[in-house]
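Report on the structure given below.
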Amino acid sequence: MHDEQASGGEHQQYLSFRLGEEAYALPILAVKEILEYPSLTRVPLMASCVRGVLNLRGSVVPVVDLALRFGRTPQPQTRRSCVVIVEVRADEEWSDIGIVVDAVNRVIDIPAADIEPPPSFGTRLRTDFIHGMGKVDGGFVMILDAAQALSVEEIARLGAETGGARAA
């Protein structure tokens with residue numbers, strides 16, 4: 001069950017979460033689990049958006065700070081901060097990646113008819129990171145394209161280009 005986006009179904013469920021004041025969502029089928037903010041091991045020469053790795057039942061899982069990945073200033077860690085483990089496809093392989101979020105809100109149903117294409121301008125986020133804009137409770141939630149936003153190849157390339165420089 002690796003469907004990452006709606007496949008024409010009537011409704012799809014999404015995990016909604018916050019980064020700062022902005023609301024985002026990921027297809028629930030891409031989410032494996034939600035963890036309290038764990039202890040992370042830093043790894044030298046990683047991209048600045050990679051906070052480190054965690055041990056998830058014997059597997060090494062990289063943890064990406066979405067705020068840094070999206071070019072924003074990360075928020076201080078709070079009791080609501082957590083790591084969402086997401087399964088993403090890279091070429092023909094599936095990988096688990098942790099993402100740091102400020103707060104997980106809830107699982108929401110969004111009818112396919114209530115998902116608009118991403119705007120071509122006006123967002124502070126790369127449009128290829130956005131699958132669509134879901135209409136929820138009179139507002140919008142940005143539905144992320146996990147494969148694009150968490151591209152293993154691109155994040156590895158960023159680490160190589162910057163020499164693993166970390167944001168202060």
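What you see below is based on every heavy atom in this structure, not just the backbone, and it leaves out hydrogens, waters and symmetry mates. Starting from 1, each residue takes its place in the sequence as its number. All figures in this text were calculated on a predicted structure; none of them were measured in a lab.
- Closest approach of A147 to V88, counting heavy atoms only: N-CG1, 4.4 Å.
- The nearest pair of heavy atoms linking D109 to Q13 is OD1-CG, 2.8 Å.
- Put simply, the residue from I85, V53, V86 that forms a side-chain contact (heavy atoms from CB on, under 4.5 Å) with V61 is I85.
- Side-chain atoms of S81 come within 3.5 Å of backbone atoms of T78 as a donor-acceptor pair (strictly under, hydrogens ignored).
- In terms of hydrophobic clustering, with Ile, Leu, Val, Met, Phe, Trp and Tyr side chains grouped at heavy-atom distances under 4.5 Å, I97 and Y24 are assigned to a common cluster.
- Between P27 and H131 the shortest side-chain heavy-atom distance does not fall below 4.5 Å.
- One hydrophobic cluster, built from ILVMFWY side chains closer than 4.5 Å, cannot hold both L150 and L54; they sit in different ones.
- Evaluated for a side chain to side chain donor-acceptor pair (under 3.5 Å) with R89, the options E93, E92, E87 yield exactly one hit, E92.
- Although no hydrogens or angles enter the test, the distance criterion places a donor-acceptor pair under 3.5 Å between the side chain of D102 and the main chain of G20.
- For the pair C82/Y37, no side-chain contact is recorded, criterion being any heavy-atom separation below 4.5 Å from C-beta on.
- Note: the hydrophobic cluster containing V100 does not contain V50 (ILVMFWY, side chain heavy atoms under 4.5 Å, direct or indirect links).
- When the side chains of ILVMFWY residues are joined at heavy-atom separations under 4.5 Å, either directly or via intervening members, V43 and L40 end up in two distinct hydrophobic clusters.
- The CG atom of D65 sits 11.5 Å away from atom CZ of R72, with the distance rounded to the nearest 0.5 Å.
- Here CD1 of I143 is found 10.0 Å from CD1 of I130. Values are rounded to the nearest 0.5 Å.
- Counting heavy atoms from C-beta on, the side chains of E22 and F70 never come closer than 4.5 Å.
- Heavy-atom minimum distance, E116 versus K135: OE2-NZ, 3.1 Å.
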I would like to know whether R106 and D137 meet salt bridge (Lys or Arg N to Asp or Glu O under 4.0 Å); could you show each step before the answer?
CA-CA 13 Å; R106 60 190 167 116; D137 299 330; 2.6 Å; yes
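- Closest of all the heavy-atom pairs between D128 and D145 is O-CB, 4.0 Å.
- The cluster map of Ile, Leu, Val, Met, Phe, Trp and Tyr, joined by side-chain heavy atoms under 4.5 Å apart, puts L26 and V104 in the same cluster.
- Note that CG of L144 and CD1 of I99 are 7.0 Å apart. Values are rounded to the nearest 0.5 Å.
- Across all their heavy atoms, S151 and R69 have their closest contact at N-NH2, 4.4 Å.
- Taking 4.5 Å as the limit, every side-chain heavy atom of N105 sits out of range of all side-chain heavy atoms of V141.
- Taking 4.5 Å as the limit, some side-chain heavy atom of P38 sits within range of a side-chain heavy atom of V83.
- With a 4.5 Å cut-off on side-chain heavy atoms, F17 and L66 count as touching.
- Looking at every heavy atom in both residues, V101 comes nearest to L19 through CA-CD2, 3.9 Å.
- Between I115 and Q12 there is no side-chain heavy-atom pair separated by less than 4.5 Å.
- From R57, atom CZ reaches atom CD of E33 across 4.0 Å, with rounding to the nearest 0.5 Å.
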